[in-house]
Amino acid sequence: IEYISPSLGGLQLRGAVAAADENGGAERPVGFSVGYGGGPVSVGVAYDRNGLDLKTVGLYGSFNAGFATFMAQFEKGDLSAATDTKHWSVGTKVPLGNATLKAGFTKWSTEEVKKLGIGLDYNLSKRTQLYTDIGKVSGDGATANQKKTAFDVGIFHKF
């Protein structure tokens, strides 16, 4: 069940609760968030607890500078009952006519894993978009199998 409040001067509250999993999840999953969006600024804070009683708290924000939108987030949470993690990321979207350049960097502090990515979206129409992305995982905590460069290309169409 989810509740989304009306926007009150840009402030919006959200809350959600789900049934507990009868096959092992002892806790009822819940989530709450408070967000503000006004003008070029958007910020929010959120809390989530899943059925295994693993919790995450996050702080999120973006700023539209006109020529680009800059985004950042920080999350702290449980990977397991014994391991906490911190995760942060920064990114940007730069409109270039029908195209949008995207770039982002993220780091998981507990695992010492980093990821850098860049991409390009190209709008063929209001409903059809071509995209391509490339990303590289690195860091001491990344396995040899994770330390690869990956890319994708595709077409996205809204029906």
Side-chain angles (χ1 to χ4, degrees), residues 1-95 99-123 125-131 133 135 137 141 146 150 152 154-159:
I1 299 170
E2 180 180 30
Y3 173 74
I4 302 171
S5 77
S7 179
L8 308 167
L11 187 68
Q12 192 167 47
L13 307 172
R14 293 175 179 251
V17 63
D21 182 5
E22 296 176 7
N23 299 320
E27 295 291 330
R28 180 181 301 270
V30 296
F32 305 98
S33 70
V34 177
Y36 171 78
V41 175
S42 179
V43 294
V45 63
Y47 167 82
D48 178 69
R49 183 193 72 210
N50 71 12
L52 299 175
D53 201 28
L54 301 178
K55 302 168 189 83
T56 302
V57 176
L59 178 62
Y60 314 92
S62 68
F63 178 74
N64 186 337
F67 66 94
T69 299
F70 301 97
M71 300 157 283
Q73 75 172 36
F74 174 80
E75 292 180 334
K76 182 178 180 186
D78 305 326
L79 284 177
S80 67
T83 307
D84 291 340
T85 187
K86 293 178 185 172
H87 166 251
W88 61 267
S89 63
V90 293
T92 188
K93 294 190 305 185
V94 181
T100 301
L101 178 66
K102 308 172 294 184
F105 177 80
T106 188
K107 183 177 183 208
W108 290 267
S109 61
T110 307
E111 300 83 30
E112 293 300 321
V113 175
K114 303 172 209 165
K115 183 175 182 182
L116 176 64
I118 190 166
L120 185 72
D121 295 342
Y122 185 82
N123 296 314
S125 68
K126 285 184 175 184
R127 297 177 8 174
T128 306
Q129 182 182 76
L130 301 175
Y131 64 88
D133 303 288
V137 174
Q146 292 172 322
D152 62 4
I155 186 167
F156 178 79
H157 181 76
K158 298 176 193 173
F159 291 93

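No experiment lies behind these values; they were computed from the predicted model shown. Side-chain atoms are counted along with the backbone in the values below, which use heavy atoms only and exclude waters and symmetry mates.
- A donor-acceptor distance shorter than 3.5 angstrom exists from the side chain of Ser5 to the backbone of Leu13, with no hydrogens or angles considered.
- Contact annotation: the side chain of Val113 never approaches that of Lys115 to less than 4.5 Å [non-hydrogen atoms, C-beta and beyond].
- Once rounded to the nearest 0.5 Å, the distance linking CZ of Phe159 with OG1 of Thr128 reads 8.5 Å.
- Looking only at side-chain heavy atoms (C-beta outward), Tyr47 and Val30 come within less than 4.5 Å of each other.
- Taking the side chain as every heavy atom from C-beta outward, Glu112 and Lys107 approach each other to under 4.5 Å.
- In Ile155, the CD1 atom is crowded: over 12 heavy atoms of neighbouring residues, nucleotides or ligands sit closer than 6.0 Å.
- The shortest side-chain heavy-atom distance between Gln73 and Trp88 does not fall under the 4.5 Å cut-off.
- Closest approach of Gln146 and Gly141 over heavy atoms only: OE1-O, 4.2 Å.
- Phe70 and Ala65 make their closest contact through CE1-CB, 3.9 Å (heavy atoms, listed as atom of the first residue, atom of the second, distance).
- Between Val34 and Leu11, the closest side-chain pair of non-hydrogen atoms falls below 4.5 Å.
- Taking a 6.0 Å sphere around NZ of Lys114, one finds it holds 12 or fewer heavy atoms contributed by other residues, nucleotides or ligands.
- Distance CG/Leu130 to CG/Asn123: 9.0 Å, rounded to 0.5 Å.
- Closest of all the heavy-atom pairs between Ala68 and Val94 is CB-CG2, 3.8 Å.
- Contact check on Glu75 versus Lys86 returns no salt bridge, with no Lys/Arg side-chain nitrogen under 4.0 Å from an Asp/Glu carboxylate oxygen.
- Using modelled atom types, one finds no donor on one side chain facing an acceptor on the other under 3.5 Å when comparing His87 with Ser109.
- When all heavy atoms of Ala99 and Tyr122 are compared, the closest pair comes out as CB-CD1, 3.9 Å.
- You'll find the side chain of Arg28 reaches within 4.5 Å of the side chain of Arg49, heavy atoms only.
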Take Leu116 and Val137 through the side chain to side chain contact (heavy atoms under 4.5 Å, CB included) test and state the conclusion after the steps. CA-CA 7 Å; Leu116 176 64; Val137 174; over 6 Å; no

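- Nearest approach of Asn64 to Thr69, heavy atoms of both residues: CG-OG1, 3.6 Å.
- Going from atom OG of Ser42 over to atom OH of Tyr60 covers 12.5 Å, rounded to the nearest 0.5 Å.
- By the 4.5 Å heavy-atom criterion applied to side chains, Lys55 and Lys76 are not counted as neighbours.
- Of all the heavy atoms in Phe67 and Pro95, the pair that sits closest is O-CD, 3.5 Å.
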Test log, rule side chain to side chain contact (heavy atoms under 4.5 Å, CB included), inputs Met71 and Lys93: CA-CA 8 Å; Met71 300 157 283; Lys93 294 190 305 185; 3.8 Å; yes

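- Using a 4.5 Å cut-off on side-chain heavy atoms (C-beta onward), Asp78 and Leu52 make no contact.
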Given the rule in the side chain to side chain contact (heavy atoms under 4.5 Å, CB included) test, do Tyr131 and Asp152 qualify, once you have shown the distances and angles that lead to the verdict? CA-CA 8 Å; Tyr131 64 88; Asp152 62 4; 3.9 Å; yes

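- Between Lys102 and Asp133, at least one side-chain nitrogen of the basic residue sits less than 4.0 Å from a carboxylate oxygen of the acidic one, meeting the salt-bridge criterion.
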